[in-house]
Amino acid sequence: MNEKTIPILPCRTIQPVVDFYTALGFEVTFQQKSPNPYAVVQRGGIELQFFGMKQYEPTESFSTCYLQTDDVDGLHAAFRAGLKAAYGRIPTRGLPRIGPLKDMSYGVRQFLMTDPGGNCIRIGQQTSEDPHHRPAPKETFARALHHASLFADSKEDPAGAAKTIDRVLHLEDEQPTPVQLLRLLVLRADVAGRLGDEETATTALAKAAAVNLSAEERETVHDDLVRLAELRA
């Protein structure tokens with residue numbers, strides 16, 4: 001037997017969604033305008049199908065699907081390059097957008113991408129045989145980063161992430177390590193941008209860039225430094 005699952009996702013209009021996936025290197029294998037707007041795109045073993053709904057509101061969409069790969073870094077790089085070529089920039093907020101690579105607490109390295117139809121595509125690579133969430137760390141700042149990352153990149157709740165980070169950074173009796181501070185500030189800038197709070201984003205980016213790290217520490221926060229450079233660009 002040979003079965004596979006193909007997501008069928010909604011959008012308001014088909015063409016912007018087709019153009020988006022074409023920029024990512026997908027091929028349009030089928031498209032129709034009537035009797036119902038419909039399109040199919042494919043890239044290697046990935047197939048996605050879309051249907052149009054005039055009354056659909058992309059900014060209020062909850063539709064999503066998960067894409068599992070054995071080369072998440074390669075797909076992230078390829079998708080970013082395609083979007084930059086098509087849009088003249090890499091869209092990181094609004095619709096469409098592509099998020100940063102993250103090592104999640106449930107044994108997955110992933111990034112989130114949202115198309116013009118508001119469909120969130122989660123692209124991940126398994127890094128552990130255990131799919132369960134790891135227990136939250138007990139240390140104050142590691143725990144805050146754990147929860148803020150889940151708010152931002154699993155629940156897509158940037159306001160929740162911002163609240164978690166602001167609370168811990170205002171503590172007076174404890175201080176984060178330089179690595180913790182860098183990671184918290186980069187994530188705070190990231191979610192501030194998603195919330196349209198440019199002033200907070202600018203301030204957090206400036207503070208993050210000023211954090212003094214050793215060469216060894218910089219290696220441990222490679223993904224965060226890449227994201228810092230992207231957000232400052």
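Reckoned from all heavy atoms, side chains included, excluding hydrogens, waters and symmetry mates.
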Notebook entry, point to check: Roughly how far apart are Leu9 CG and Ser63 OG, rounded to 0.5 Å?
Noted result: 5.5 Å

Margin query: For a salt bridge (charged side-chain N to carboxylate O under 4.0 Å, His left out) check, start with the C-alpha distance between Glu198 and Arg93, then their side-chain angles and the critical distance, and finish with the verdict.
Written below: CA-CA 12 Å; Glu198 298 298 336; Arg93 65 187 70 172; 2.3 Å; yes

Check: What is the minimum heavy-atom distance between Leu182 and Ala208, and which atoms define it?
Finding: CD2-O, 3.4 Å

Next item on the list: Taking the side chain as every heavy atom from C-beta outward, state whether Leu48 and Val40 have any pair of such atoms under 4.5 Å apart.
Entry: no

Check: Can a salt bridge be assigned to the pair Arg97 and Glu156 using a cut-off of 4.0 Å between side-chain N and carboxylate O?
Finding: yes

Margin query: Donor-acceptor pair, distance only, cut-off 3.5 Å: does the side chain of Asn119 make one with the backbone of Pro10?
Written below: yes

Notebook entry, point to check: Between atom CZ of Phe141 and atom CG of Leu184, what is the distance when rounded to the nearest 0.5 Å?
Noted result: 8.0 Å

Next item on the list: To the nearest 0.5 Å, tell me how far Leu225 CG sits from Glu230 CD.
Entry: 11.0 Å

Notebook entry, point to check: Which residue, Gln32, Lys33, Gln31, Gln49, forms the side-chain hydrogen bond (donor to acceptor under 3.5 Å, both in side chains) with Tyr38?
Noted result: Gln49

Notebook entry, point to check: Taking the side chain from Arg194 and the backbone from Ala152, do they hold a donor-acceptor pair closer than 3.5 Å?
Noted result: yes

Notebook entry, point to check: Hey, are Arg227 and Asp223 close enough for a salt bridge, meaning a charged N less than 4.0 Å from a carboxylate O?
Noted result: no

Check: Roughly how far apart are Leu185 CG and Leu228 CG, rounded to 0.5 Å?
Finding: 9.5 Å

Item checked: Tyr66 reachable from Phe79 in the ILVMFWY side-chain graph, under 4.5 Å edges -> no

Check: Would a 4.5 Å heavy-atom cut-off, applied to side chains only, mark Leu169 and Leu181 as touching?
Finding: yes

Check: Is a side-chain donor-acceptor pair under 3.5 Å present for Ser128 with Arg134?
Finding: yes

Next item on the list: Please confirm whether the backbone N or O of Gly107 pairs with a side-chain atom of Thr127, one donor and one acceptor, at under 3.5 Å?
Entry: yes

Checklist line | N/O donor-acceptor pair under 3.5 Å between Glu47 side chain and Ile6 backbone | finding: no

Check: Would you find a donor on one side and an acceptor on the other, under 3.5 Å apart, between the side chain of His76 and the backbone of Gln110?
Finding: no

Notebook entry, point to check: What is the distance from atom CZ of Arg89 to atom NZ of Lys84, rounded to the nearest 0.5 Å?
Noted result: 12.0 Å

Note to self: Can you confirm whether more than 12 heavy atoms, excluding those of Asp71, are under 6.0 Å from its CG atom?
What the structure shows: yes

Check: Any chance the side chains of Thr140 and Glu174 put a donor and an acceptor closer than 3.5 Å?
Finding: yes

Next item on the list: Kindly indicate whether the side chain of Leu150, heavy atoms from C-beta on, has any atom under 4.5 Å from the side chain of Tyr106.
Entry: yes

Note to self: Between Phe50 and Tyr21, is the ring centroid distance below 6.0 Å?
What the structure shows: yes

Next item on the list: Tell me yes or no: between the side chains of Ser61 and Tyr56, is some donor less than 3.5 Å from an acceptor?
Entry: yes

Check: Is Leu112 close to Cys120 at the side-chain level, that is, under 4.5 Å between some pair of heavy atoms?
Finding: yes

Note to self: Using side-chain heavy atoms (C-beta onward) and a distance below 4.5 Å, is Ile98 in contact with Leu83?
What the structure shows: yes

Notebook entry, point to check: Checking His170 side chain against Asp166 main chain: does a donor-acceptor pair fall under 3.5 Å?
Noted result: yes

Next item on the list: Identify whether the distance between the nearest side-chain nitrogen and carboxylate oxygen of Arg12 and Glu57 falls below 4.0 Å.
Entry: yes

Next item on the list: Please answer whether the main-chain N or O of Thr177 pairs with a side-chain N or O of Gln180 as donor and acceptor at a distance below 3.5 Å.
Entry: yes

Next item on the list: Evaluate the side-chain proximity of Ile46 to Gln42: yes if any heavy-atom separation is below 4.5 Å, no if none is.
Entry: no

Item checked: Donor-acceptor contact below 3.5 Å, side chain Thr220 vs main chain Glu217 -> yes

Next item on the list: Starting at CG of Leu101, measure out to CG of Asp224 and round the result to the nearest 0.5 Å.
Entry: 11.0 Å

Notebook entry, point to check: Counting heavy atoms not belonging to Arg188, are there more than 12 under 6.0 Å from its CZ?
Noted result: yes

Check: With side chains defined as the heavy atoms from C-beta onward, is the minimum distance between Ile123 and Arg109 less than 4.5 Å?
Finding: no

